[in-house]
J.: 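Please read through the structure below; I'll follow up with questions.
Every number for a ligand or one of its atoms is a count from 1 in the order of the listing.
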Amino acid sequence: MGKVVLITGASSGFGKATAEMLAERGHTVYGLARRTMEHEKIHYLTADVCDRAAIDGRVAEIIAREAHIDVLINNAGMGIGGALELATAEEIACQMNTNFMGCVNLCQAVLPHMRKQGHGRIVNISSIGGVMGLPYQGFYSASKFAIEGFSEALSAEVKRFGISVSMVEPGDFATNFTASRRNSEATLKDAAYGPVFSQSLQLIEKEEKGGLRPEKMAQRVAHIVECRKPRLRYVVANLEQKLSVAIKRIVPGNMFVDILRGYYKS
Ligand SMILES: NC(=O)c1ccc[n+]([C@@H]2O[C@H](COP(=O)([O-])OP(=O)(O)OC[C@H]3O[C@@H](n4cnc5c(N)ncnc54)[C@H](OP(=O)(O)O)[C@@H]3O)[C@@H](O)[C@H]2O)c1
């Protein structure tokens, strides 16, 4: 039977591909983004995930129309690149508010309805950068590590209400994420960090542009929406990146940092 799904970041990349796939499969899909969108099978709503009052309003609109929300997919996100030492307060707030607080805002707005209806599924899009601290994407990684801790704790709190929480950890994918990344001007101009940052950035962008297609993510998220019992974590990545997640779990911490330094030449 079709479910009522609310997905954030539905105007581009994973979110758009997933919203389209779920709508094709007969689900009632509400897609949230800041820009205005139109689609014959997707109900698009505009809001910034950082704006809690706007989110509450959008959730109330969906409840008024559908009476329930079965699935929440927290996908909206962006990246800021640069050295941790040089990040400005505005950059840090933008990164953490969009990726982490956005997810918290949506969960807090939807959970009372899911508890009342006695079921629900929350899917939070993390990253393999939420499993390992990526150099020059440090606050991005921090925002995704925050999602990981939040999601694990939330799962333990809401299971008894019939609500499942899952995290998806994608590797590199070709989406608008690369073009939307904000890069720290201060880092680019800095004598100590600038050249290494520029070099890392070239590698990061090359891997993203040559990455997997967003439809692969959409297929996995559709599976999580429709399967009987979703897992807590899913890694969706190429073999090399899946291997790096496995290695991270078994090697000593300092050894893993050296592997990262070697890879990113940092
Ligand atoms: N691409 C990758 O390689 C990769 C890897 C790992 C994880 N991820 C994660 O996957 C998720 C989706 O990224 P993507 O690759 O599909 O990137 P994308 O193509 O740039 O899409 C990002 C989406 O987020 C929305 N968004 C950004 N800030 C927002 C805000 N403040 N309020 C509401 N919506 C906002 C954008 O819509 P508007 O601009 O219209 O608001 C857009 O729909 C992100 O959480 C990202 O961290 C991506």
Side-chain angles (χ1 to χ4, degrees), residues 6-21 29-39 42 44-55 57-59 72-81 90-91 93-106 109 123-132 134 137 139-148 150-151 167-182 201 203-218 220-221 233-238 240-242 244-245:
L6 168 57
I7 176 165
T8 67
S11 62
S12 172
F14 298 158
K16 186 161 182 281
T18 305
E20 284 173 352
M21 188 172 289
V29 180
Y30 285 84
L32 198 111
R34 287 167 302 183
R35 79 194 88 162
T36 310
M37 298 280 292
E38 276 184 28
H39 192 288
I42 300 166
Y44 271 106
L45 305 170
T46 53
D48 189 320
V49 291
C50 306
D51 181 346
R52 178 60 200 266
I55 295 304
R58 291 322 199 180
V59 168
L72 165 65
I73 305 169
N74 279 304
N75 164 76
M78 53 81 71
I80 299 184
E90 187 277 327
E91 286 167 342
C94 174
Q95 185 67 95
M96 300 306 286
N97 285 341
T98 308
N99 291 12
F100 177 56
M101 282 312 297
C103 168
V104 174
N105 285 340
L106 266 295
V123 184
N124 292 335
I125 307 303
S126 173
S127 166
I128 63 168
V131 180
M132 56 191 80
L134 302 174
Q137 299 186 78
F139 283 107
Y140 177 73
S141 269
S143 72
K144 296 297 188 178
F145 268 72
I147 286 182
E148 296 269 332
F150 171 80
S151 303
M167 284 164 264
V168 187
E169 295 156 349
D172 288 322
F173 278 78
T175 67
N176 230 22
F177 187 82
T178 312
S180 301
R181 179 183 282 111
R182 283 178 54 185
L201 202 53
L203 177 65
I204 293 164
E205 290 188 349
K206 186 168 160 243
E207 290 188 333
E208 287 169 354
K209 285 177 185 160
L212 300 168
R213 305 273 316 136
E215 289 69 27
K216 186 174 169 70
M217 262 292 282
R220 185 57 70 93
V221 176
R233 279 192 176 85
Y234 296 82
V235 181
V236 188
N238 65 27
E240 192 187 19
Q241 288 164 350
K242 277 186 182 163
S244 67
V245 173

J.: To the nearest 0.5 Å, tell me how far Tyr140 OH sits from Arg182 CZ.
T.: 15.5 Å

J.: Please list, chain by chain and in numerical order, all residues satisfying side chain to side chain donor-acceptor pair (under 3.5 Å) with Thr175, sequence neighbours excluded.
T.: none

J.: Quick one: do Glu20 and Lys16 make a salt bridge, cutoff under 4.0 Å?
T.: yes

J.: Would you check if Val29 and His39 make a side-chain contact, meaning some heavy-atom pair closer than 4.5 Å?
T.: no

J.: Considering only heavy atoms, which protein residues lie less than 4.0 Å from any atom of ligand 1?
T.: Gly9, Ala10, Ser11, Ser12, Gly13, Phe14, Ala33, Arg34, Arg35, Ala47, Asp48, Val49, Asn75, Ala76, Gly77, Thr98, Ile125, Ser126, Ser127, Tyr140, Lys144, Pro170, Gly171, Asp172, Phe173, Thr175, Asn176, Phe177, Ser180

J.: For a 4.5 angstrom cut-off between non-hydrogen side-chain atoms, does Val49 reach Asn105?
T.: no

J.: Closer than 4.0 angstrom, basic N to acidic O: yes or no for Lys144 and Glu169?
T.: no

